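Data first, discussion second: the structure below is written as structure tokens.
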Amino acid sequence: MKVHDARFLLAATDSKSWPKEPLPEIAFAGRSNVGKSSLINALLGRKALAKTSSKPGKTRALGFIEIQAGSSRLRFCDLPGYGFAKVSKSERAAWGKMIERYVTERDDLRLVVCLVDARHPPSALDRQMIEWLTALGRPMQVVATKLDKLPRNKQATAVKKLKQELGLPVVGVSSEKGTGKDELWRVLAEATA
Ligand code: GTP
Ligand code: MG
């Protein structure tokens with residue numbers, strides 16, 4: 001996909017500040033540090049449009065990014081990561097509410113990209129997220145991240161294993177190496193067409 005333009009619109013901690021212009025939107029969900037912001041940057045061919053960090057739990061708001069790709073305009077939403085232990089209970093509850101509200105109420109949401117780490121079986125929280133989206137009837141695409149951290153000959157097997165464990169299609173990616181970018185863009189383009 002040719003990305004002509006991408007700009008960070010705003011970081012929203014409140015539903016009142018969600019962008020109002022109707023545009024097809026794709027959200028990126030997954031536990032803290034799984035690689036959401038890195039994947040967004042890789043898809044957009046930008047180094048630091050979505051904020052990444054070595055410190056998990058950095059993304060504390062919904063980050064909206066407006067994109068002109070191919071002949072379409074669309075938006076990405078970088079969701080705060082779940083499952084980060086080192087925050088207070090009340091803060092965790094607040095993020096949970098924020099994500100829940102977004103996923104249940106956002107009209108323009110076309111697809112939730114659910115990120116899981118390619119190196120591990122899906123966690124209980126990953127499963128909860130996926131089950132919850134299924135129950136809500138929200139279209140989703142599971143993505144296995146950080147493939148480059150596995151030896152080349154183990155990568156395909158890891159993706160296949162996740163597919164079997166979740167019973168869902170999985171796209172394997174490496175934001176570091178650009179693996180899986182084209183395959184994922186095809187899914188995103190179809191979801192927003
Ligand atoms: P939160 O915003 O805290 O929820 O995290 P996040 O899911 O946005 O993760 P982020 O993209 O910030 O990445 C976390 C760490 O993993 C960073 O140190 C990244 O450099 C690293 N990382 C992300 N994707 C990849 C990848 O494909 N390969 C490798 N080797 N490292 C990656
Ligand atoms: Mg992030």
Side-chain angles (χ1 to χ4, degrees), residues 3 5-44 46 48-53 55-69 72-116 122-143 145 168 184 187-193:
V3 177
D5 192 32
R7 69 187 178 103
F8 192 85
L9 278 179
L10 59 100
T13 50
D14 192 302
S15 59
K16 285 195 215 65
S17 27
W18 295 347
K20 291 184 182 57
E21 188 196 352
L23 273 185
E25 204 161 274
I26 295 169
F28 293 76
R31 72 164 176 73
S32 193
N33 214 41
V34 71
K36 297 175 294 297
S37 303
S38 302
L39 178 61
I40 290 174
N41 290 330
L43 286 168
L44 299 176
R46 297 295 197 87
L49 198 61
K51 307 273 180 304
T52 59
S53 70
K55 263 200 207 152
K58 170 119 191 236
T59 312
R60 295 181 178 219
L62 276 59
F64 289 94
I65 297 167
E66 193 179 305
I67 298 150
Q68 169 82 49
S72 340
R73 284 175 71 222
L74 63 147
R75 240 179 349 241
F76 281 0
C77 178
D78 187 8
L79 293 171
Y82 50 77
F84 180 50
K86 284 186 194 149
V87 291
S88 69
K89 238 186 179 166
S90 60
E91 197 169 7
R92 227 181 306 161
W95 299 358
K97 279 246 155 56
M98 219 155 59
I99 298 175
E100 184 177 332
R101 176 136 201 214
Y102 172 80
V103 172
T104 49
E105 294 180 15
R106 189 64 164 160
D107 289 335
D108 294 330
L109 182 58
R110 297 285 179 85
L111 182 74
V112 181
V113 179
C114 293
L115 286 76
V116 297
S123 71
L125 285 171
D126 292 333
R127 286 185 182 279
Q128 265 176 39
M129 180 80 185
I130 290 167
E131 277 163 24
W132 180 57
L133 289 168
T134 310
L136 287 170
R138 282 294 196 194
M140 70 178 126
Q141 173 65 55
V142 179
V143 163
T145 63
L168 290 168
L184 184 55
V187 175
L188 305 189
E190 196 171 313
T192 53

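No experiment lies behind these values; they were computed from the predicted model shown. Numbering of residues begins at 1 and proceeds along the displayed sequence. Scope of the values below: all heavy atoms of this structure, side chains included, with no hydrogens, waters or symmetry mates.
Here Ser38 contributes atom OG and Asn33 contributes atom CG; the two are 8.5 Å apart, rounded to the nearest 0.5 Å. Rounded to the nearest 0.5 Å, atoms CG (Leu111) and CE (Met140) are 9.5 Å apart. With values rounded to the nearest 0.5 angstrom, Gln128 atom CD is found 11.5 Å from Leu133 atom CG. From Ile26, atom CD1 reaches atom CG of Leu188 across 4.0 Å, with rounding to the nearest 0.5 Å. From Leu43, atom CG reaches atom CG of Leu49 across 11.5 Å, with rounding to the nearest 0.5 Å. The CG atom of Leu44 sits 9.0 Å away from the CG atom of Leu39 when rounded to the nearest 0.5 Å.
Judged as a side-chain contact (heavy atoms from CB on, under 4.5 Å), and not counting sequence neighbours, the contacts of Arg7 are Leu9, Glu66. With sequence neighbours excluded, no residue forms a salt bridge (charged side-chain N to carboxylate O under 4.0 Å, His left out) with Arg110. Judged as a side-chain contact (heavy atoms from CB on, under 4.5 Å), and not counting sequence neighbours, the contacts of Glu105 are Trp18, Arg101. Looking at residues two or more places apart in sequence or on another chain, you find a salt bridge (charged side-chain N to carboxylate O under 4.0 Å, His left out) between Glu21 and Arg73. The side-chain contact (heavy atoms from CB on, under 4.5 Å) search around Ala11 returns Phe8, Ala61, not counting sequence neighbours. Looking at residues two or more places apart in sequence or on another chain, you find no side-chain hydrogen bond (donor to acceptor under 3.5 Å, both in side chains) involving Ser17. Take Arg138 and apply the side-chain hydrogen bond (donor to acceptor under 3.5 Å, both in side chains) test, not counting sequence neighbours, and it matches no residue. Residues passing the salt bridge (charged side-chain N to carboxylate O under 4.0 Å, His left out) test with Asp107, sequence neighbours excluded: none. By the salt bridge (charged side-chain N to carboxylate O under 4.0 Å, His left out) test, Lys97 pairs with no residue at all, sequence neighbours left out. A search for side-chain contact (heavy atoms from CB on, under 4.5 Å) contacts involving Asp5 returns Arg46, Gln68, not counting sequence neighbours.
The minimum heavy-atom distance between Pro80 and Ile99, with the atom names listed, is O-CD1, 3.3 Å. Pro22 and Asp108 make their closest contact through CA-OD2, 3.3 Å (heavy atoms, listed as atom of the first residue, atom of the second, distance). Considering all non-hydrogen atoms of both residues, Ala12 and Met98 come closest at O-SD, 4.5 Å. Counting all heavy atoms, side chain and backbone alike, Val116 lies closest to Val34 at C-CG2, 3.7 Å. When all heavy atoms are compared, the tightest approach of Pro19 to Arg106 is O-NH2, 3.0 Å.
For the pair Tyr102/Leu109, a side-chain contact is recorded, criterion being any heavy-atom separation below 4.5 Å from C-beta on. Proximity of Asp78 to Leu62: side-chain heavy atoms (C-beta onward) are nowhere separated by under 4.5 Å. The shortest distance between side-chain heavy atoms of Leu125 and Arg31 does not fall below 4.5 Å.
Side chains of Asp126 and Ser123: a donor on one and an acceptor on the other come within 3.5 Å.
Side chain of Lys36 to main chain of Gly30: a donor-acceptor pair is present (N/O by atom type, distance under 3.5 Å, no hydrogens or angles). Of the possible donor and acceptor atoms, one in the side chain of Lys20 sits under 3.5 Å from a partner among the backbone N and O of Lys16.
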